[in-house]
Asker: 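Can you keep this structure in mind? I'll have questions shortly.
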There are 2 protein chains.
Amino acid sequence: MSETYTISELAREFAITTRTIRYYEDETLLSPRRKGQQRIYAEKDRVLLKLILRGKRLGFSLNESKAILSLYEPGGSNRHQLQTMLDLLRKKQASLRLRFEDIEMMQSYLLEAEERISSALADDLGNQAPNSNNQN
Amino acid sequence: MSETYTISELAREFAITTRTIRYYEDETLLSPRRKGQQRIYAEKDRVLLKLILRGKRLGFSLNESKAILSLYEPGGSNRHQLQTMLDLLRKKQASLRLRFEDIEMMQSYLLEAEERISSALADDLGNQAPNSNNQN
DNA sequence: GTTCTAGTTTACGTAAACGTAAACTAAGAT
DNA sequence: ATCTTAGTTTACGTTTACGTAAACTAGAAC
């Protein structure tokens with residue numbers, strides 16, 4: 001028997017609330033098995049959840065993630081659906097590339113800001129010290 | 001005299017609405033000069049707006065961006081403020097690094113999905129194929 | 001002088017993504 | 001038997017980041 005998880009185990013692992021997980025189910029992003037009235041999550045559900053959260057961190061809406069992730073579900077998609085999805089994927093890839101650049105620029109911005117703050121703190125601290133700890 | 005912009009010029013450039021720009025002002029992220037009752041944006045404001053939007057793409061809330069960006073404003077910060085800000089910067093840098101990884105993983109996911117879809121489309125086209133793409 | 005054309009203020013509305021509280025269930029532990 | 005301890009459903013509330021409409025202003029064009 002393969003590994004299963006309770007809702008609170010997943011919540012703990014990903015540092016989210018059970019409410020969030022149930023919400024994703026409401027939005028039909030997840031559909032765990034049931035044992036009585038309790039939800040039982042399989043490894044597959046866990047992976048899906050992980051992907052959803054990753055998407056979230058990248059600024060994907062739940063609906064976008066849903067569209068992208070539904071590619072792994074069984075059930076036939078017709079050609080139009082597939083084409084639509086391919087287009088969506090291309091756009092998402094492009095936006096990811098842009099975000100990549102955003103990250104690089106923001107990184108350098110943050111690094112610069114950090115240096116300025118560090119030296120400001122140093123100046124403030126040893127209010128005599130000529131500070132020179134700025135080796136990156 | 002250095003370059004200035006009207007609100008709709010900026011809106012056009014960044015493909016956002018004027019409402020959005022005024023909203024950022026309400027939230028004290030921007031503070032353009034006035035000429036009569038009209039807003040006049042300087043290059044500095046434009047750069048700020050650009051940074052705000054970049055932050056948004058990276059999932060920063062407006063308040064976070066505001067905190068980070070306020071580093072460039074004049075006005076003294078005391079040591080506690082500076083330290084707090086440095087901590088915030090470190091956290092943001094860490095989260096950016098994680099997001100970097102997220103992007104790499106999502107990229108490969110999307111690429112894989114795209115390949116599967118492409119071949120599905122190809123299969124579908126030559127509609128003779130008995131489909132058997134279920135390799136997980 | 002009036003008619004566009006931006007621009008402005010004020011204010012209520014809205015979608016997404018949960019938070020939170022209430023009331024209930026079911027399985028173990030004591 | 002009852003008391004915890006998850007887990008569940010239902011449903012209203014909340015925050016963020018704007019959308020949208022109404023009513024007003026001010027300069028430019030005719």
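From a predicted model like this one, the values you see are computed outputs, not experimental measurements. Just so it is clear, the values below take in all heavy atoms, side chains as well, and ignore hydrogens, waters and symmetry mates. Here is the naming used below: chain letters follow the sequence lines, and residue numbers restart at 1 for every chain.
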Asker: Within the side chain of A:Glu115, is there an N or O that forms a donor-acceptor pair under 3.5 Å with the backbone of A:Glu112?
Answerer: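 Not confirmed, A:Glu115 side chain does not pair with A:Glu112 backbone.
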Asker: Rounded to the Å, how far apart are B:Phe14 CZ and D:dC18 P?
Answerer: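 Answer to the nearest Å: 14 Å.
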Asker: Hey, is the main chain of B:Ser61 close enough, under 3.5 Å, to the side chain of B:Glu64 for a donor-acceptor pair?
Answerer: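 Yes, B:Glu64 side chain to B:Ser61 backbone: donor-acceptor pair under 3.5 Å.
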Asker: When you compare the protein's N or O atoms with those of nucleotides 14-18 of chain C, which come within less than 3.5 Å of each other, and at what distance?
Answerer:
residue	atom	partner	partner atom	Å
C:dA17	OP1	A:Leu62	N	3.1
C:dC18	OP1	A:Lys56	NZ	3.3
C:dC18	OP2	A:Tyr24	OH	2.6
C:dC18	N4	A:Arg19	NH2	3.4

Asker: Would you tabulate the pairs of protein nitrogen or oxygen atoms and nucleotide nitrogen or oxygen atoms of nucleotides 4-9 of chain D closer than 3.5 angstrom?
Answerer:
residue	atom	partner	partner atom	Å
D:dG7	OP1	A:Thr6	OG1	2.9
D:dG7	OP1	A:Ser8	OG	2.7
D:dG7	OP2	A:Ser8	OG	2.3
D:dT8	OP1	A:Arg39	N	2.6
D:dT8	OP1	A:Arg39	NH1	3.2
D:dT8	OP2	A:Arg22	NE	3.2
D:dT8	OP2	A:Arg22	NH2	2.9
D:dT8	O5'	A:Arg39	NH1	3.2
D:dT9	OP1	A:Arg34	NH1	3.2
D:dT9	OP1	A:Arg34	NH2	3.2
D:dT9	OP2	A:Arg39	NH1	2.9
D:dT9	OP2	A:Arg39	NH2	2.6

Asker: Salt bridge or not for A:Lys66 and A:Glu25, using N-O below 4.0 Å?
Answerer: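 The answer is no: the pair does not qualify as a salt bridge.
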Asker: Could you list the donor-acceptor pairs under 3.5 angstrom formed by side chains in residues 53-60 of chain A, with sequence neighbours left out?
Answerer:
residue	atom	partner	partner atom	Å
A:Arg57	NE	B:Asp102	OD2	2.5
A:Arg57	NH2	B:Asp102	OD1	2.9
A:Arg57	NH2	B:Asp102	OD2	3.4

Asker: Who passes salt bridge (charged side-chain N to carboxylate O under 4.0 Å, His left out) against A:Glu101, sequence neighbours left out?
Answerer: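 Salt bridge (charged side-chain N to carboxylate O under 4.0 Å, His left out) check on A:Glu101 returns nothing, list empty.
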Asker: Could you list the residues that satisfy side chain to side chain contact (heavy atoms under 4.5 Å, CB included) with B:Thr84, not counting sequence neighbours?
Answerer: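 Here the qualifying residues are B:His80.
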Asker: What side-chain hydrogen bond (donor to acceptor under 3.5 Å, both in side chains) pairs are there with at least one residue in residues 11-20 of chain B, not counting sequence neighbours?
Answerer: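 Residue pairs passing side-chain hydrogen bond (donor to acceptor under 3.5 Å, both in side chains), neighbours aside: B:Glu13-B:Arg46, B:Thr17-B:Thr20, B:Thr18-B:Arg22.
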Asker: Using atom CG of A:Asp26 as one end and atom C1' of D:dT10 as the other, report the distance to the nearest whole Å.
Answerer: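 Distance check: A:Asp26 CG to D:dT10 C1' gives 10 Å.
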Asker: B:Tyr109 and B:Leu111: same hydrophobic cluster, using ILVMFWY side-chain contacts below 4.5 Å?
Answerer: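 Shared cluster, no.
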